[in-house]
Enquirer: 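What follows is a single structure, and I will ask about it in a moment.
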Amino acid sequence: MIWSQLPQFFVSGLTSGSIYALIALGFGIIHNATGIVNFAQGEFVMIGAMTMISLTQVVGLPVLTAFPLAVLAGMAVGWLMEIGPIRRARSDSILILVMITVGASITMRETAMHIWGKTPRTLASFSGDEPLVLGNAAILPQTLWILGITLVVVVLLGLFFSRTMVGKAMRAVAENRRGAALIGIGVHRMKMLSFVLSGGIGAVAGIIITPITTMSYSAGVMLALKGFAAAILGGYGSMKGAVIGGLLLGAIETFGAGFVSSAYKDAFAFLIFLLVLFIRPTGLFGKEEVKRV
Amino acid sequence: MTKTRKKWIYFSALAGVVALLPLLVKGGYYLLILNIIAINGLVVLGLNLLIGFAGQISLGHAAFFGMGAYFSAIFTAMYNTPPWPTLLGVMIFTAVVAFVLGIPTLRLAGHYLVMATLGFNIILYILMVQMEHWTGGPSGFAGIPPLHLGSLPIQGDLSCYWLLWTFFLLVFFVSLNLVDSRVGRALRAIHENELVANALGINTERYKVVIFAISAAYASLAGSLYAHYLSFISPKTFDIFYSVQIVTMVVVGGIGNLWGGLLGAAVLTALPEILHAMRDYALLLYGLILMGVLVFFPEGLLPGLVKLVGRGRLVNGNEN
């Protein structure tokens, strides 16, 4: 009986997994350029979704126009964060910068609470709510949007990092910051760009998941934690790892909820995460970090 | 020599302030805040040793704090075990758990401990909420008995003030000496340069794991005291936000500066209370102040202030 639900689990695992993958990508991009773990990643997601809600419901823009504008809003927030507190910090200690992102996260969350209120908000699906029945699984059209858009983002990012000069420069910075600066890459510009990119990707994740899960000012915290866990699972800083880690975490979570207990869904996901950390701390696709001793 | 004397003078001054404060402070509300400062100060002390001297961050100290609180509560209230031995037993158990958590993660370069402790904190929080039979679930655990001194129960804000601050001063003093001991020097060497420390024959791995276990034990002690003091605990106190707050206190006070840590704990415990009048804007201001302090005083509030006054370096051993 529970086996007949397998396809359904698979679909919902893939759905939340896509979102975790996008958030994990955001973590990875900033980490590669700056070495920082950005604790405000979840707030990018939330702000993108909330902006989309305001643009469609208050301003009355069609989805097609509101979507890019909301993504721009996420990018703008990322940009402001980098040129503001991160760049002005009188320290280059990673710990201090990470704690600044914690402060930024609290500030954004509370600002959002004053703008959008405390009650969770929802967004209309992009194309109706009539589920497609496929064998044993009912698939919401929004799920297809999520999978499709995630795929597009991942492919575009892949092309950006492998084909464009700017993308290659960012990879060079990730590889060796000093070396990149020596061959004339503007490391500061790349750092800024990493925040802008992460802000945009975060916003996309928020916009596409909101029709299914709703969004509130504080929802970014848990999403960021899951994205973070996904990034570790795949190997921190690895793009391929982020995507696979995200999908894996989504799958673990939904199967855990289905077969073990839904109350312990999150605990189960993080338990697996801890196990991976103990057995293979570099993640599934992480580079082996050789300790030079 | 002068450094030791200086340490004694500053410590005596602190003890004097602690002894005199109840004369100045009237009203249970202010005592409550002072007591919470002592509790947070204990957790900060342990975390400061870990961050400042082993160069590792834990985002799971709320979990160790919670283990102290919940195990003390469950054993003393449900099984009537004597509170003091329970407190000690829980402390040791928490240290062992941290030890086991630390062995695989502290061996590696990078911040794997952050992630492991973060995950551990989330799991523990979920257990506190879900295991209602043991923990009382989201509505919390009430009716925790007070600690006793002989046959006298230590109850009320003033009695607990003496209890909590005595513990804080004791642990603070031990920590100040630990920092100046062979162990402290070894830890500082690890923080400066692990490779060199290793070459000097310091078993860096073991020191890091041990200091992590000690810091977890501090948090557990604080948790047990907290539970016996307030007689009521609920999971919300032990979520990752508390872990973040504690790290914030360390960073704002000044990493590796134990006196700064005390200042950080005092300021950031009192701040939300002062901001309380701002109601809905309290947390927003908290976030802004946190960012502001870190951006402009990255070396911490106390060293920053000292530099500002121009009186040069500070008492604590970790100036460089």
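Within every chain, numbering begins at 1; the chains are lettered A, B, ... in the order of the sequence lines, protein sequences first and strands thereafter.
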Enquirer: Can you tell me how far the CG atom of B/Leu285 sits from the CD1 atom of A/Ile106, to the nearest 0.5 Å?
Expert: 12.0 Å

Enquirer: By a 4.5 Å heavy-atom criterion (distance strictly below it), what part of A/Leu274 contacts chain B: side chain, backbone, both, or neither?
Expert: side chain

Enquirer: Name the member of B/Leu288, B/Leu290, B/Ile122, B/Val251 that forms the most heavy-atom pairs with chain A at distances under 4.5 Å.
Expert: B/Ile122

Enquirer: Sort by residue number and list every residue of residues 238-248 of chain B having at least one heavy atom under 4.5 Å from chain A.
Expert: B/Ile240, B/Phe241, B/Val244, B/Val247, B/Thr248

Enquirer: Could you report the tightest heavy-atom contact between B/Asp280 and A/Glu110, atom names first, then the distance?
Expert: O-OE1, 4.2 Å

Enquirer: Kindly compute the distance separating OH (A/Tyr264) from CG (B/Leu127), expressed to the nearest 0.5 Å.
Expert: 6.0 Å

Enquirer: With a 4.5 angstrom heavy-atom cut-off, is it the side chain or the backbone of A/Met108 that approaches chain B, or both, or neither?
Expert: neither

Enquirer: Between atom CD1 of B/Ile57 and atom CE of A/Met99, what is the distance when rounded to the nearest 0.5 Å?
Expert: 8.0 Å

Enquirer: Check each atom of A/Leu225 against the heavy atoms of chain B and say whether the ones under 4.5 Å are side chain, backbone, both or neither.
Expert: side chain

Enquirer: Hey, could you give me the CD1/CG distance between B/Ile51 and A/Leu95, rounded to the nearest 0.5 Å?
Expert: 6.0 Å

Enquirer: Is chain B contacted by the side chain of A/Ala263, its backbone, both, or neither, given a heavy-atom distance below 4.5 Å?
Expert: both

Enquirer: How close do B/Pro298 and A/Arg90 get, counting heavy atoms only, and between which atoms?
Expert: CG-O, 3.2 Å

Enquirer: According to ring pair (Phe, Tyr, Trp, His ring centres under 6.0 Å), who are the partners of A/Phe228, at least two apart in sequence or on a separate chain?
Expert: A/Phe27, A/Tyr236

Enquirer: Rounded to the nearest 0.5 Å, how far does CG of B/Leu118 lie from CZ of A/Phe273?
Expert: 6.5 Å

Enquirer: Which answer fits A/Lys265, side chain, backbone, both or neither, if we ask what part of it has an atom under 4.5 Å from a heavy atom of chain B?
Expert: neither

Enquirer: A quick test of your reading: do over 12 heavy atoms of other residues, nucleotides or ligands sit less than 6.0 Å from NE2 of A/His114?
Expert: yes

Enquirer: For B/Tyr286, which atoms come within 4.5 Å of any heavy atom of chain A: side chain, backbone, both, or neither?
Expert: side chain

Enquirer: Holding to ring pair (Phe, Tyr, Trp, His ring centres under 6.0 Å), I want the full list of residues that pass it with B/Phe71, two or more places apart in sequence or in another chain.
Expert: B/Phe93

Enquirer: Which atom names give the shortest non-hydrogen contact between A/Ile100 and B/Val295, and what distance separates them?
Expert: CD1-CG2, 3.8 Å

Enquirer: Using 0.5 Å steps for rounding, measure from the CE atom of B/Met291 to the CZ atom of A/Arg88.
Expert: 13.0 Å

Enquirer: Does any backbone or side-chain atom of A/Ile232 lie under 4.5 Å from a heavy atom of chain B? Answer side chain, backbone, both or neither.
Expert: side chain

Enquirer: Within residues 243-253 of chain A, which residues come under 4.5 Å of chain B, heavy atom to heavy atom?
Expert: none

